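Take a look at the structure set out below.
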Amino acid sequence: MASNHEVAAIFREIADLLEVKGEVVYKYGAYREAARQIEAYATPVTTLAAERRLREIPRVGEAIAAKIAEYIKTGRMEYLDRVRSEVPPGLVDLLHVPGLGAKKIQALHRAIGITSLADLEEALRAGRVRDLPGMGEKTESNLLDEIGRLRARVQRHPIGIARPEAEEVVDALKASCPTVHAIDIAGSLRRWRDTIGDIDIIVASATPIDVLAAFVVLPMVRDVLAHGDTKASILTFRDLQIDLRVVAPVEFGAAILYFTGSKAHNVRLRALAQRRGWTLNEYALTEEATGRVIASESEEAIYHALDLAWIPPELREDLGEFELAASGDVPRLIEASDIDGELHCHTDWSDGHLTLDATVAEAERRGLRYLAITDHSQSLAMVRGLTPERARLQWAAIDAVNRRGGPTRILKGVELEILPNGSLDFPDDVLRGFDLVIASIHSGFRQDRETMTKRIVGALRNPHVDVIGHPTGRRVGRRDPYEVDMNAVLRAAAETGTAVEINANPERLDMDDAHARAAAALGVTIPINTDAHGADNFDLLRYGVATGRRAGLRPENVLNTRGLDELLSWLARPTTPA
DNA sequence: GCCGTTTTCGGCCCGACTGTTTTCAGTCG
Ligand SMILES: Nc1nc2c(ncn2[C@H]2C[C@H](O)[C@@H](COP(=O)(O)OP(=O)(O)OP(=O)(O)O)O2)c(=O)[nH]1
Ligand SMILES: [Mg+2]
Ligand SMILES: [Mg+2]
Ligand SMILES: [Zn+2]
């Protein structure tokens, strides 16, 4: 069945082919933008097609809607086949070489018959590229360097890798350059996307040249890719690209707005300015006729001048935020300080690093009002999952802790295996003894979509199951989600009142932003869980909160924003067996 | 190819860096 993801991939391929073919940017840009909107659209294209509603997806017009309908009906898209046949298959790969765009690729193809990366490398080594107009020896050596780097380079980095590195760079630059007036992380990191193409940092300074000079000699710099008067790009030893942009302090608002993006968000914002006879760039919002600066020092002033509410960075993807900001309906998004307790963690009773007491101490130190201890269950034998007998021993230990009357109430929880055959790892009479049951999948990932969906839906229909843990099993940048119909899972969860977590570990972030948004729209309650296995892991909360913000979640959508009493009454809620 | 608070046709965001160029095209942010 044609998924939105699959259809989006086709239009991205068409966009690449058209770009290489020499089509105008507005045409291949239209396919690329349509692909992005289709991928993000909550309703499946199959549903939309059946109801002739495809064109309600932004950037999907008559032509693209017809192509989607054709693909759903026949499993083929004639236009894709045609453009594929018009472009040598290896040519599109050249788009991934930094420094190569449509014009140069066409020149290489027409003039010296290049049709692949291998062709290009050979021509570069033979010095046959320098003869082309607009290219010289420097172009050749740069391209050879880039091709070399291409092999080793990871395409996108998990946020859990990029965020700490970015924070180190910010500190290092502040320390090494006293004229840094303001500094912030921008780009996809400020928007908290789950993967990061590069690190973008914005600085305000009266002496940009000095800041850039200090930047390109920081200890983490392996290569300097570009170095001008207002910006520079470097490659770190850990293979991350960092772009630094420096502006005057008075321009900081316009600059961080620009550098935070997304590109699509910027383009829409600038088009809005344009329509009023203004122009927006990274320096200011300006009246075109007079050159009068309307706003530049803060993001808020620029949004307000355009009759928009300030938009949180996490929402700046041109996926509906402009409509909210224009009507004053930007939600009050969940914040880390709204979180009252933790509902998913492990101790050394299974695969956690801390004892129960040390885990409790950490929770108390962090001011949590409650903490659910959710060690693994017996079938996860590798990590000494709890048998019913050991669970009862742990309950006694927890009772003892609670009798001390500390500030953090400890709940008896479990992360319960959903076994490959769909049954649960404990019988109901054992489950009854827990305060909180998270049901998760850690085995049998390769089942087909229908089996997997039934397996999860079956688990959440058990009245003792309170939460579904990391429901898609994905590992950011490492493992795709298993096959599962999340729409069906979320509908069932909404029906039974079962919660579905956002696992905050940056290697998981599962649910992701899009699933969490769909869950909230259905009224599903969402805990944001660190799944801590050690003391530091409680810090991972910020990644989960950011994912919730990207999903547009308000505090009331999130289970662990509730106070202890409210949480306890939720746990005691009447549940309806299926 | 998409779209409409001037338009159903004519625009579609705006600027920095590099290399090759003698005035700027191409690429990228
Ligand atoms: N106005 C405008 N701004 C752009 C354009 N391309 C990029 N930007 C801005 C918005 C981006 O968020 C910001 C940083 O660019 P990046 O290429 O690093 O993109 P971003 O960080 O959003 O995503 P990434 O994870 O790095 O792929 O620069 C553009 O074509 N026009
Ligand atoms: Mg970036
Ligand atoms: Mg960048
Ligand atoms: Zn788990």
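Model, not experiment: these values are computed from the prediction. To find a chain, count down the sequence lines: A is the first, B the second, and so on, and within it residues start at 1.
- No salt bridge links A:Arg474 with A:Asp510; every basic N to acidic carboxylate O contact stays at or beyond 4.0 Å.
- Within 4.0 Å of A:Glu33, counting heavy atoms only, lies no atom of the nucleic acid at all.
- When heavy atoms are screened at a 4.0 angstrom cut-off, A:Ala232 is found touching no nucleic acid atom at all.
- Residue A:Asn266 is classed as having no contact, given no heavy-atom separation below 4.0 Å to the nucleic acid.
- Here A:Glu137 lies in heavy-atom contact (under 4.0 Å) with sugar-phosphate atoms only.
- Counting any heavy atom pair closer than 4.0 Å across all strands shown, A:Val97 reaches sugar-phosphate atoms only and no base atom.
- Residue-level contact check: A:Thr279 touches the backbone only, with heavy atoms under 4.0 Å from sugar-phosphate atoms and none from bases.
- A:His181 has its ring centre no less than 6.0 Å from the ring centre of A:Phe252.
- When distances are taken from the side chain of A:Ala30 to each of B:dA16, B:dG1, B:dT20, the shortest belongs to B:dG1.
- Backbone-only contact: A:Gln241 has heavy atoms under 4.0 Å from sugar-phosphate atoms and none from a base.
- With hydrogens and angles left out, the side chain of A:Arg270 and the base of B:dC14 share a donor-acceptor pair within 3.5 Å.
- When each of B:dG1, B:dC17, B:dG19 is scored by its nearest atom to the side-chain atoms of A:Asn142, the top-ranked nucleotide is B:dG19.
- Of the candidate nucleotides B:dT20, B:dG1, B:dC17, B:dG1 has the atom lying nearest to any side-chain atom of A:Ile64.
- Within the 4.0 angstrom heavy-atom criterion, no nucleotide atom of any strand lies near A:Val24.
- For B:dG15, its base never sits under 3.5 Å from the side chain of A:Tyr283 at any donor and acceptor pair.
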